[in-house]
Amino acid sequence: TGYYGDGLNAIIVFAACFLPDSSRTDYNYVMENLFLYVISTLELMVAEDYMIVYLNGATPRRRMPGLGWMKKCYQMIDRRLRKNLKSFIIVHPSWFIRTILAVTRPFISSKFSSKIQYVNTLAELGEMIPMEYVHIPDSIVK
């Protein structure tokens with residue numbers, strides 16, 4: 001987590017490489033509780049506009065969240081949080097991520113779709129947000 005702008009707006013960083021492996025027997029339970037934790041944290045932190053940076057680099061396919069989980073997350077995020085989201089930046093987007101978003105685009109509001117941005121390098125991300133406030137894990141930097 002970091003902040004940007006004069007109003008210290010939140011930058012929420014998700015590093016997918018730290019998500020649990022889908023082969024876990026308790027995977028659904030862990031992901032459900034992870035989602036609830038994320039939502040409660042967002043509700044506490046986000047008073048105004050915010051952005052989400054999703055770090056997809058260094059993530060094996062088995063650690064990427066499934067389509068069903070992402071859809072459920074989107075549906076459960078309340079209107080205020082969806083409205084205050086300025087941008088959803090996907091760093092190092094894989095072919096899989098791009099395909100999922102292309103397939104789900106008809107089911108996602110056009111307002112939300114317009115907030116999704118792909119960024120191919122950390123240098124490109126640095127042109128969009130102040131990197132001194134954002135922690136990038138070493139595995140992704142490499």
Side-chain angles (χ1 to χ4, degrees), residues 1-24 27-142:
T1 307
Y3 295 93
Y4 70 96
D6 297 333
L8 291 180
N9 297 336
I11 300 173
I12 314 296
V13 179
F14 288 105
C17 60
F18 296 130
L19 288 172
D21 196 301
S22 59
S23 65
R24 289 177 61 130
Y27 179 76
N28 289 333
Y29 173 81
V30 170
M31 290 300 281
E32 181 82 20
N33 283 289
L34 177 64
F35 170 72
L36 294 173
Y37 170 76
V38 167
I39 292 302
S40 62
T41 302
L42 278 178
E43 287 173 347
L44 289 173
M45 289 183 60
V46 175
E48 303 191 15
D49 293 343
Y50 70 105
M51 63 176 61
I52 294 176
V53 176
Y54 177 82
L55 301 171
N56 191 60
T59 304
R61 171 69 191 95
R62 66 184 187 278
R63 289 191 184 268
M64 287 184 195
L67 181 59
W69 187 80
M70 289 192 284
K71 181 181 176 193
K72 186 176 175 183
C73 288
Y74 176 74
Q75 290 170 338
M76 285 183 70
I77 294 172
D78 78 21
R79 190 176 168 279
R80 178 184 67 87
L81 284 175
R82 280 200 300 254
K83 195 175 126 227
N84 289 357
L85 179 66
K86 271 287 180 242
S87 59
F88 186 88
I89 302 169
I90 300 172
V91 183
H92 302 127
S94 62
W95 173 87
F96 177 75
I97 292 281
R98 287 180 186 266
T99 303
I100 280 186
L101 288 170
V103 167
T104 58
R105 198 167 287 261
F107 309 105
I108 297 173
S109 76
S110 58
K111 278 185 184 175
F112 184 79
S113 291
S114 68
K115 296 175 185 184
I116 298 172
Q117 297 175 277
Y118 295 116
V119 173
N120 294 312
T121 66
L122 292 175
E124 194 180 332
L125 179 64
E127 293 170 13
M128 300 170 76
I129 62 171
M131 295 296 283
E132 64 269 20
Y133 297 116
V134 178
H135 172 71
I136 307 290
D138 290 340
S139 59
I140 293 170
V141 172
K142 291 173 187 167

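These numbers come from a predicted model, not from an experiment. Side-chain atoms are counted along with the backbone in the values below, which use heavy atoms only and exclude waters and symmetry mates.
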- Note on the structure: Residue set satisfying side chain to side chain contact (heavy atoms under 4.5 Å, CB included) with I77, at least two apart, ordered chain then number -> I39, L81, R82
- Message: For R24, give me all partners under side-chain hydrogen bond (donor to acceptor under 3.5 Å, both in side chains), at least two apart in sequence or on another chain.
- Response: D26
- Item | pair M51-F88: side-chain heavy atoms closer than 4.5 Å | no
- Query: Got a sec, which residues hit side chain to side chain contact (heavy atoms under 4.5 Å, CB included) with L19, two or more places apart in sequence or on another chain?
  - Reply: A16, L34, P65
- What's the shortest heavy-atom distance between P137 and F18, and which atoms? CG-CE1, 3.5 Å
- Message: Please enumerate all residues that pass ring pair (Phe, Tyr, Trp, His ring centres under 6.0 Å) together with Y29, with sequence neighbours excluded.
- Response: none
- Does any non-hydrogen side-chain atom of I89 lie less than 4.5 Å from one of Y54? no
- Message: Working to the nearest 0.5 angstrom, can you tell me the gap between I140 CD1 and C17 SG?
- Response: 4.0 Å
- Item | Check: T59 side chain, G57 main-chain N or O, donor-acceptor pair, under 3.5 Å | yes
- Applying salt bridge (Lys or Arg N to Asp or Glu O under 4.0 Å) to D21 and not counting sequence neighbours gives R62
- Shortest non-hydrogen contact from L85 toward F112: CD2-CE1, 3.5 Å
- Which residues share a side chain to side chain contact (heavy atoms under 4.5 Å, CB included) with S113, sequence neighbours left out: R105, I108
- Any side-chain heavy-atom pair from L101 and T99 closer than 4.5 angstrom? no
Residues 121-130, side-chain donor-acceptor partners within the protein, below 3.5 Å, at least two apart:
residue, atom, partner, partner atom, Å
T121, OG1, E124, N, 3.0
E124, OE1, N120, N, 3.3

- Message: Show every side chain to side chain donor-acceptor pair (under 3.5 Å) that has at least one partner inside residues 31-42, sequence neighbours left out.
- Response: E32-K72
- Message: Does any part of the side chain of P20, heavy atoms only, come nearer than 4.5 Å to the side chain of M31, both counted from C-beta?
- Response: yes
- Item | Rounded distance (nearest 0.5 Å) linking atom CD1 of I97 with atom OH of Y118 | 8.0 Å
- Query: Which heavy atom in S94 sits nearest to a heavy atom in M64, and how many Å separate them?
  - Reply: OG-CE, 3.8 Å
- Query: For the residue pair K86 and K115, what are the closest heavy atoms and their distance?
  - Reply: O-CG, 3.8 Å
- Task: Please round to the nearest 0.5 Å and tell me the distance separating atom CD1 of I12 and atom OH of Y50.
- Result: 7.5 Å
- The side chain to side chain contact (heavy atoms under 4.5 Å, CB included) partner of F14 among V91, V38, I90, N56 is V38
